Amino acid sequence: MRTLLGTYPLLNRQTGSWDDAQLFSPISQDNVDDFDKLWRPEFASRLALARSRRETLAEANLQDAHWDWPGKAKDRNSRLDWTSFGVECDSRTQGLMFVGLASFAREPSQKGDHLAYIDLLATAPWNRPQFTDRPIYKGIGPLLLGTAISLSVDEGFRGRIGLHALPQSEAWYRNVCGMTDLGPDPAYSNLHYFEMTEAQARAFVANQHK
Amino acid sequence: MTEKRTMTLNLSGHEMAVLERLADDRGMSKTALLRQALRLYQSVTERIEKGEKVFVEHPSTREKAELVVL
């Protein structure tokens, strides 16, 4: 059953106002419909523009455009080892995330401990710098990452999280979120694998409240 | 994050000792450990029901043993 977890302010870059966003779990059919009807067409048109401009997917902030949110939601919503989240604001889905709860840490100080693994995390296309010249909402990534940390704490994992980052997002996880970059993972298309320790999670949360 | 329900669980002394040791080793509460065990059990049984095989692999010999859930 879909649960409202809280209301959080997002900065609307175009108006300068702080708008209330609702955080729900799990991803609902409305979120899936928004992805199909609102996100996909934006991805398709931006992809065509990127091709005409000879931009890479990273330059257009499009590396996740192929992610199958509807399929994953269908497969995972009944599973206890997966949980999902949707952020809604302005009557549409602004961000989505899947988190796995059956993974183990690799970073030496916490190797073998349980962690929350962020499998997919995305903000709506109209909120992305590089995707558009006038992105709308800012703060969805930190809100979802903070949500994964809260989930990790709730599950007794002490804030530990892990994820494989797309190249377009590596710098954000490393420099802004303070996660440890464990390098390319040959078992996962050589995407860099990142982990957040309990101490790094505390620092991230403290920074969010400054 | 979601609504929780309470149940009473009857365990033997040995089972409780194992639960306490595992929870202590992992730095988790007994409830958190049992919830994690349930997740893993569901994940494994659903894979096997779909016809997939679940293996454990020895770290040095690479010898694999198939996990069978009864």
Side-chain angles (χ1 to χ4, degrees), chain A residues 1-6 8 22-28 74-87 97-106 109-117 119 143-144 146-160 187 197-199 201, chain B:
Chain A
M1 193 181 76
R2 188 164 108 119
T3 304
L4 173 64
L5 300 176
Y8 303 89
Q22 285 78 44
L23 174 68
F24 292 97
S25 181
I27 289 172
S28 67
K74 186 179 172 196
D75 289 345
R76 294 174 172 177
N77 272 357
S78 66
R79 295 271 297 271
L80 296 175
D81 55 341
W82 288 104
T83 189
S84 60
F85 301 88
V87 179
M97 178 171 70
F98 270 109
V99 183
L101 294 169
S103 294
F104 296 92
R106 306 179 191 179
S109 71
Q110 56 188 13
K111 189 176 171 68
D113 288 335
H114 292 292
L115 55 66
Y117 175 77
D119 179 53
L143 171 59
L144 288 170
T147 301
I149 292 169
S150 293
L151 175 67
S152 172
V153 170
D154 275 1
E155 296 299 337
F157 304 165
R158 299 173 180 263
R160 295 184 295 266
T197 63
E198 180 180 359
Chain B
M1 288 196 169
T2 53
E3 183 192 355
K4 301 288 193 301
R5 296 184 183 187
T6 302
M7 67 171 283
T8 301
L9 179 66
N10 294 314
L11 296 176
S12 69
H14 185 206
E15 288 163 344
M16 182 60 83
V18 170
L19 175 60
E20 286 175 342
R21 183 177 60 77
L22 288 172
D24 191 47
D25 286 349
R26 293 279 171 195
M28 299 166 72
S29 67
K30 286 179 277 190
T31 298
L33 191 120
L34 285 171
R35 296 178 69 216
Q36 191 67 357
L38 183 59
R39 282 188 199 110
L40 294 170
Y41 186 78
Q42 186 200 38
S43 175
V44 169
T45 51
E46 284 193 0
R47 283 169 181 268
I48 290 172
E49 283 166 10
K50 286 179 188 170
E52 295 179 38
K53 292 183 176 179
V54 180
F55 291 93
V56 290
E57 185 180 85
H58 191 280
S60 54
T61 66
R62 298 299 202 202
E63 189 179 343
K64 288 182 181 176
E66 187 179 344
L67 187 66
V68 178
V69 178
L70 300 175

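In what follows, chains carry the letters A, B, and so on, assigned in the order in which the sequence lines appear, proteins first and then strands, with residues in each chain numbered from 1. The structure presented is a predicted model; accordingly, all values stated were derived computationally and were not measured.
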Below 3.5 Å, can you tabulate the donor-acceptor pairs from side chains in residues 46-54 of chain B to any protein atom, sequence neighbours excluded?
residue : atom : partner : partner atom : Å
B:E46   : OE2  : B:Q42   : NE2          : 3.4
B:R47   : NH1  : B:E52   : OE1          : 3.2

Minimal heavy-atom distance between A:D81 and B:R39, with the atoms involved, is CA-CD, 3.8 Å
Going by side-chain hydrogen bond (donor to acceptor under 3.5 Å, both in side chains), name the residues that satisfy it together with B:T6, two or more places apart in sequence or in a different chain. none
What residues of residues 19-32 of chain B sit under 4.5 Å from chain A when you count only heavy atoms? B:R26, B:G27, B:M28, B:A32
Parallel, tilted or perpendicular: which describes the rings of A:F104 and A:H114, with under 30° parallel and over 60° perpendicular? tilted
For A:R76, check side-chain hydrogen bond (donor to acceptor under 3.5 Å, both in side chains) against everything at least two apart and list the hits. A:D119
Identify whether the distance between the nearest side-chain nitrogen and carboxylate oxygen of B:R62 and B:E57 falls below 4.0 Å. yes
